[in-house]
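First the structure, in the form of structure tokens, and then the observations on it.
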Amino acid sequence: MPGVISVGLPDGSTRELAEGTTAGELAQSIGSRLAKAAVVATVDGREVDLESPLPDGAKVSIVTADSEAGRVVLRHSTAHVMAQAVRRLWPGAKYAIGPVIENGFYYDFELPGGAHFSDDDLPRIEAEMRAIIKEDQPFVRHEHDLEDGLDIFADQPFKQEIIQAVGTGADEVDAAGTVVSTYRNSDAFIDLCRGPHVPSTARLGHFKLMRVAGAYWRGDEKREQLQRIYGTAWESEKALAAYLHQLEEAERRDHRKLGAELDLFSFPEEIGSGLAVFHPKGGTIRRLMEEYSRQRHVEAGYDFVNSPHITKSALFEESGHLDWFADGMYPPMELDGGTQYYLKPMNCPFHILVYKSHQRSYRELPMRLFEFGTVYRYEKSGVLQGLTRVRGMTQDDAHIFCTREQMDTELVRTLHFVLDLLRDYGLNEFYLELSTKPPGKAVGSDDDWEVATEALRKTALEMGLDLVMDEGGGAFYGPKISVQARDAIGRTWQMSTVQLDFQLPQRFGLEYVGADNARHRPIMIHRALFGSVERFMAVLIEHYAGALPTWLSPEQVRVIPVTDAHAAYAQAVADACAVAGLRATVDGSGEKLGALIRRAKLAKIPYVLVVGDQDVAAESVGVNRRGWAGKPEHGVALDDLLAEVTAEVARKGLPEDRAPEAAPG
RNA sequence: GCCUGGGUAGCUCAGUCGGUAGAGCAGCGCACUCGUAAUGCGCAGGUCAGGAGUUCGAAUCUCCUCUCAGGCUCCA
């Protein structure tokens with residue numbers, strides 16, 4: 001029928017529309033609420049502007065602002081508005097790229113005269129953005145050939161470079177490689193962009209500029225340093241507020257803050273950046289983490305080894321670290337008339353020497369060598385961050401030497417072991433990431449890399465977890481799988497790494513004698529489950545917001561006597577706890593009860609026991625459990641309480657787990 | 001290493017126009033002896049990150065260094 005087209009909707013229905021009907025008009029015809037929420041449409045799987053006329057027979061769905069895809073569009077469009085605002089406030093500013101990132105967007109600029117943004121500029125830019133939004137400027141798409149594109153952006157070197165990247169698959173360039181698209185908001189502002197965008201700036205408004213930062217053009221530190229502004233944008237004030245609240249929550253859980261408040265560790269300036277000392281409470285947590293890990297490693301068939309912190313340079317020459325990892329190492333110290341000694345950045349060469357200490361038989365394999373190995377890496381000062389990125393750390397490091405035939409089994413076994421252990425520490429949601437050969441920064445043949453990468457991929461798929469690719473992210477000697485864990489507020493952390501290595505056995509000439517009486521080369525699996533003890537502790541602190549499970553709490557029970565007259569009984573209760581294997585202290589410092597309770601609560605102690613006359617008489621305790629909203633229990637028999645807490649320790653639980661209703665904090 | 005913003009008592013922070021430093025909490029002492037998240041009073045505590053400069057005089061202005069936060073880059 002001339003003049004009429006038919007389109008398919010997501011629910012399977014079809015609609016007859018006048019030829020030339022746009023996606024926006026379709027949304028309007030379905031319902032005004034949908035039209036109001038619509039930002040773009042998907043036509044045959046491709047996102048288009050609402051202004052686009054629909055082709056006959058297309059499958060169309062409307063993308064709304066409150067969907068993930070919709071927020072991407074909002075953020076992208078908001079980035080354009082920000083660029084326009086910056087161009088208004090800094091005439092002559094060059095603009096580079098403005099992509100969408102997780103929860104927001106950024107845009108990179110080069111300001112005239114080498115000027116920099118400061119935090120004070122953000123409110124001014126926001127105000128200008130609100131003005132632009134109020135002006136209800138349309139986003140109008142145009143397509144140009146390359147020459148016109150270069151012409152339009154004649155005074156924009158970064159845009160020129162993007163356009164010239166045609167054929168290399170740059171994002172902003174049309175798939176055909178011959179067309180560039182632009183979006184014009186007003187005579188004063190046009191941007192190179194693949195789109196799609198919201199119909200008008202009036203559709204935006206729930207945004208906030210977060211911070212300014214320096215960033216290199218194309219991420220290359222040899223190129224121009226640009227000025228970047230980060231922002232976030234959402235479909236509603238409510239969603240924006242929820243996001244900002246989430247950030248506050250993350251701040252509340254910051255392990256650096258909690259580490260100081262709970263007296264766990266510090267970074268004394270006298271020692272140097274990125275080098276922590278652990279205080280008694282933090283030291284206790286470490287000890288508990290390590291003790292349980294050791295126990296599990298024994299059960300899993302690991303052998304324990306130890307190696308020194310420094311070595312002559314020859315070892316790291318042989319391993320290749322000095323060729324590929326020298327930047328990450330502390331400079332050498334010269335001893336014994338010119339011999340250079342290095343602090344170790346990795347444990348693997350030492351474990352290799354253990355393997356090499358005598359001839360090995362196939363009967364010994366797989367050989368799993370484990371060590372809490374302390375390593376030092378000279379990280380660039382700007383990357384240091386609390387305990388998650390330090391210059392001295394202890395890895396729960398092991399190297400598994402095995403035959404090629406054993407490789408698959410060992411990988412699967414190792415991953416099961418990792419996940420099982422992490423679950424015991426309270427992490428339950430995981431996905432895997434596979435990192436492949438780093439271009440130009442790797443040893444070994446492509447063949448070996450291919451085989452190793454495939455083995456890891458196969459193992460990862462067998463685990464039934466989501467797998468994402470990290471192209472080029474492997475270490476210089478081999479590809480790796482890393483286990484990413486999601487914490488209590490949904491953030492992901494890189495935890496364990498499992499790396500497959502054909503190179504180091506070759507460099508060190510490792511061998512074993514097979515059943516055939518011939519010499520064969522073993523392969524190596526490098527694996528660290530915590531990653532580093534320091535980092536893992538940081539993750540646990542943030543995951544639990546400092547309220548660690550009872551088994552990991554440095555102080556599990558605090559006993560508070562109501563008056564001095566109950567001090568002896570309070571000590572007897574603490575002693576009984578100690579006999580039951582619990583860590584307990586008495587706080588009888590003479591303040592009012594409320595103040596003592598408060599102090600114990602702020603220290604996030606799982607069990608606070610208050611004892612008075614009634615308890616002395618009945619051998620009972622008043623029990624105030626962490627995270628319980630209800631009233632504290634009175635007159636609990638001491639033996640019952642000890643049974644309760646020891647059972648909780650045994651199952652690695654939290655007092656909050658059994659709370660009728662968990663209280664905040 | 002680079003960009004932006006910081007560094008004042010153990011912690012959190014105030015300190016005006018350049019005129020030699022202040023609070024709360026924590027600590028210590030005394031009094032209070034109290035049944036579930038802050039008792040009162042008193043005392044002590046600072047080379048204002050470090051160094052140099054400008055000035056009659058610098059926490060305050062300038063420069064350098066160290067260090068912290070957020071980014072870039074990198075990564076456990």
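Being a predicted model, the structure only gives us computed values, none of them experimental. Here is the naming used below: chain letters follow the sequence lines, and residue numbers restart at 1 for every chain.
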May I ask you to evaluate whether [X] reaches the phosphate of [N], defined as a side-chain N or O under 4.0 Å from OP1 or OP2?
| X | N | result |
| --- | --- | --- |
| A/Gln227 | B/G71 | no |
| A/Lys257 | B/U12 | no |
| A/Tyr106 | B/C72 | no |
| A/Ser381 | B/G1 | yes |

Nucleotide [N], atom [atom2] - distance to [atom1] of [X] in whole Å:
| X | N | atom1 | atom2 | value |
| --- | --- | --- | --- | --- |
| A/Asp564 | B/A31 | CG | C1' | 13 Å |
| A/Ile97 | B/G71 | CD1 | C1' | 14 Å |
| A/His399 | B/A76 | NE2 | C1' | 13 Å |
| A/Tyr230 | B/U4 | OH | P | 15 Å |
| A/Asn624 | B/U36 | CG | C1' | 6 Å |
| A/Leu384 | B/U73 | CG | C1' | 13 Å |
| A/Glu102 | B/G71 | CD | C1' | 16 Å |
| A/Glu591 | B/A37 | CD | P | 15 Å |

Hey, does the side-chain of [X] have a donor or acceptor N/O within less than 3.5 Å of a partner on the base of [N]?
| X | N | result |
| --- | --- | --- |
| A/Tyr216 | B/G71 | no |
| A/Arg256 | B/A69 | no |
| A/Lys380 | B/C74 | no |
| A/Gln499 | B/A76 | no |
| A/Arg535 | B/A76 | no |
| A/Asp613 | B/G35 | no |
| A/Arg377 | B/C75 | no |

Just to be sure I understand the rule, does [X] reach a base, reach only the sugar-phosphate, or reach nothing, if contact means heavy atoms closer than 4.0 Å?
| X | result |
| --- | --- |
| A/Arg389 | base |
| A/Ala595 | sugar-phosphate |
| A/Gly590 | base |
| A/Gly594 | sugar-phosphate |

Inset, instruction - Could I get the full list of side chain to side chain contact (heavy atoms under 4.5 Å, CB included) partners for A/Pro332, not counting sequence neighbours? - result: A/Gln340, A/Tyr342
Legend entry - RNA chain B contacts made by residues 266-276 of chain A, counting heavy atoms under 4.0 Å: A/Glu269, A/Ser273
Euclidean distance for [atom1], [N] against [M] (whole angstrom):
| N | M | atom1 | result |
| --- | --- | --- | --- |
| B/A44 | B/A26 | C1' | 13 Å |
| B/C74 | B/G27 | P | 46 Å |
| B/C3 | B/U65 | P | 11 Å |
| B/C66 | B/G50 | C1' | 7 Å |
| B/C43 | B/A49 | P | 27 Å |

Which residues pass the salt bridge (Lys or Arg N to Asp or Glu O under 4.0 Å) test with [X], not counting sequence neighbours?
| X | result |
| --- | --- |
| A/Arg625 | A/Glu633, A/Glu644 |
| A/Lys601 | none |
| A/Asp108 | A/Arg228 |

Among [options], find the nucleotide with the atom closest to the side chain of [X].
| X | options | answer |
| --- | --- | --- |
| A/Val390 | B/U36, B/A76, B/C34 | B/A76 |
| A/Ile597 | B/A38, B/U36, B/U39 | B/U36 |
| A/Leu593 | B/A37, B/G1, B/G35 | B/G35 |
| A/Leu602 | B/G1, B/A37, B/U33 | B/A37 |
| A/Val610 | B/U39, B/U36, B/A37 | B/U36 |
| A/Val383 | B/U33, B/U4, B/U73 | B/U73 |
| A/Val562 | B/A76, B/C34, B/U36 | B/C34 |

Legend entry - A/Lys480 vs A/Ala213, nearer the 5' end of RNA chain B by closest nucleotide: A/Ala213
Legend entry - Contact nearer the 5' end of RNA chain B, comparing A/Gly531 with A/Gly386: A/Gly386
Inset, instruction - For residues 527-536 of chain A, pull every pair meeting side-chain hydrogen bond (donor to acceptor under 3.5 Å, both in side chains), keeping only residues two or more places apart or in separate chains. - result: A/Arg286-A/Glu534, A/His297-A/Arg527, A/Tyr302-A/Arg527
Inset, instruction - Please name the residue in the list A/Met329, A/Met393, A/His309 that meets the side-chain contact (heavy atoms from CB on, under 4.5 Å) test with A/Tyr376. - result: A/His309
Legend entry - Salt-bridge present (A/Arg253, A/Glu249; N to O < 4.0 Å): yes
Inset, instruction - Ignoring hydrogens and angles, state whether a donor on the side chain of A/Gln385 or A/Thr388 is under 3.5 Å from an acceptor on the partner side chain. - result: yes
Legend entry - Residues A/Trp217 and A/Glu161: side-chain donor-acceptor under 3.5 angstrom: yes
Inset, instruction - Specify whether A/Tyr477 and A/His526 have parallel, tilted or perpendicular ring planes, treating 30° as the upper limit for parallel and 60° as the lower limit for perpendicular. - result: parallel
